[in-house]
Amino acid sequence: MAKTEQALVLEPSTELVFKGPFTDVVTAELKLFNPTEKRICFKVKTTAPKRYCVRPNSGILESGGSIAVAVMLQPFEYDPSEKNKHKFMVQSMFAPEGKIDSQEQLWKDAPPESLMDTKLRCVFEMPKAATQTQVQEAMQDEKSKVLKTDPTTPPKATSTVSGGDDKKMLEEVRRLQAEVNSLRSENSQLKDEGVRLRKMHLADTSSSAPSQTSSVSMTTPTSTFPPVIYIIAAIIIGLLIGKLIL
């Protein structure tokens, strides 16, 4: 027995095209139109039911009626080398007169010769890769953005290194200043100690007896003390100058 020709008009009629990327749900629309004077029951089937969601997947089209069926491809990892064999089939039949209580039962009871069907293959398309010219244009745009920035602003890496060197130099200067201050304090203490000793010496000299021998004996420390102060002062000054030069 010859197969009954499909009464519905399908758009598209031979294939469903899904355009990537396929990291999210991709939807293809299938339009069905009933050009006849009778009601038509339809059902949409696929060879990969786990990969697609169809809304609506069945229904009844009145005479002259149409419907848009959304075929949603679920996200997956696309492999161009993998051959796609997914197919859809739109099955239909003329609906009986009167009220239809159960479309599911109607399809079960339908004789095979009353069924009409149309097969559609699925096509996966990825966006076209950028041409060499487009890549060069994109690179030129990036260069232009870089040139538009302030040329006096140093790169981040250079700025970081310079900042680190400045910090080290500042710390070294502070350390040297602290040492100089410490030496100055020691020098001041030595001077104060020298003055105190001289005052004590003068006081002892004034309060001593007018004995010539005693006077002579007390002059010995006085004549030897100043050179010691000079030597200590010279050493401190030398250290200060050496620190400043370094």
Hey, could you give me the OG1/NZ distance between Thr46 and Lys119, rounded to the nearest 0.5 Å?
12.0 Å

Tell me, with the steps shown, if Val69 and Leu32 meet side chain to side chain contact (heavy atoms under 4.5 Å, CB included).
CA-CA 8 Å; Val69 177; Leu32 306 179; 4.0 Å; yes

Beyond-backbone contact of Val9 with Lys31, side-chain heavy atoms, under 4.5 angstrom:
no

To the nearest 0.5 angstrom, please state how far the CD atom of Glu11 sits from the CG atom of Leu30.
9.0 Å

Shortest non-hydrogen contact between Phe33 and Gly64, atoms and distance
CE1-O, 3.5 Å

Could you please spell out the steps behind the side chain to side chain contact (heavy atoms under 4.5 Å, CB included) verdict for Lys45 and Gln91?
CA-CA 8 Å; Lys45 297 181 177 182; Gln91 201 170 39; 3.3 Å; yes

Does the side chain of Thr36 reach to within under 4.5 Å of the side chain of Phe94, using non-hydrogen atoms?
yes

Do you know the tightest heavy-atom contact between Cys53 and Gln74?
CB-NE2, 3.7 Å

Could you state the interatomic distance from CD1 (Ile67) to CG (Asn34), rounded to the nearest 0.5 Å?
11.5 Å

Which residues pass the ring pair (Phe, Tyr, Trp, His ring centres under 6.0 Å) test with Phe76, sequence neighbours left out?
Phe22, Phe124

How far does CD1 of Ile40 sit from CE of Met93, to the nearest 0.5 angstrom?
11.0 Å

Heavy-atom donor-acceptor pair, Gln6 side chain to Val90 backbone, under 3.5 Å
yes

Can any side-chain N or O of Ser114 pair as donor or acceptor with the backbone N or O of Pro111 at less than 3.5 Å?
yes

Quick check: closest heavy atoms across Asp79 and Ser81, and the distance to 0.1 Å?
OD1-OG, 2.8 Å

Report the distance from atom CG of Asn84 to atom CZ of Phe18, rounding to the nearest 0.5 Å.
9.0 Å

How about Thr4 and Glu113: does a side-chain donor come under 3.5 Å of a side-chain acceptor?
no

Please check: side-chain N/O of Thr47 versus main-chain N/O of Lys87, any donor-acceptor pairing under 3.5 Å?
yes

On a heavy-atom basis, which atom in Met72 and which in Val25 lie closest, and how many Å separate them?
CB-CG1, 3.8 Å

Treating Ile, Leu, Val, Met, Phe, Trp and Tyr as nodes and any side-chain heavy-atom pair under 4.5 angstrom as an edge, say whether Leu8 and Met116 lie in one connected cluster.
yes

Once you round to the nearest 0.5 Å, how far does OG of Ser92 lie from CG of Leu10?
8.5 Å

Common cluster, Leu115/Leu61, ILVMFWY with side-chain heavy-atom separation under 4.5 Å
no

Heavy atoms of Ala95 and Cys41 approach each other most closely as CB-SG, 3.6 Å

Taking all non-hydrogen atoms of both residues into account, name the closest pair between Ala28 and Val17 and its distance.
CB-O, 3.6 Å

Side chain to side chain contact (heavy atoms under 4.5 Å, CB included), that's the test. Do Thr14 and Leu120 meet it? Break it down for me.
CA-CA 5 Å; Thr14 58; Leu120 301 92; over 6 Å; no

Tell me, do Phe88 and Leu16 make a side-chain contact under 4.5 Å, heavy atoms counted?
yes

Under 3.5 Å, which donor-acceptor pairs do the side chains of residues 101-110 form with other protein atoms, sequence neighbours left out?
| residue | atom | partner | partner atom | Å |
| --- | --- | --- | --- | --- |
| Ser102 | OG | Gln105 | N | 3.2 |
| Gln105 | NE2 | Asp109 | OD1 | 3.1 |
| Gln105 | NE2 | Asp109 | OD2 | 3.1 |

If you look only at pairs with a residue in residues 51-67, which of them pass as a side-chain hydrogen bond (donor to acceptor under 3.5 Å, both in side chains), with sequence neighbours excluded?
Tyr52-His86

Is Val54 reachable from Leu73 through a run of hydrophobic residues whose side-chain heavy atoms are each under 4.5 Å from the next?
yes

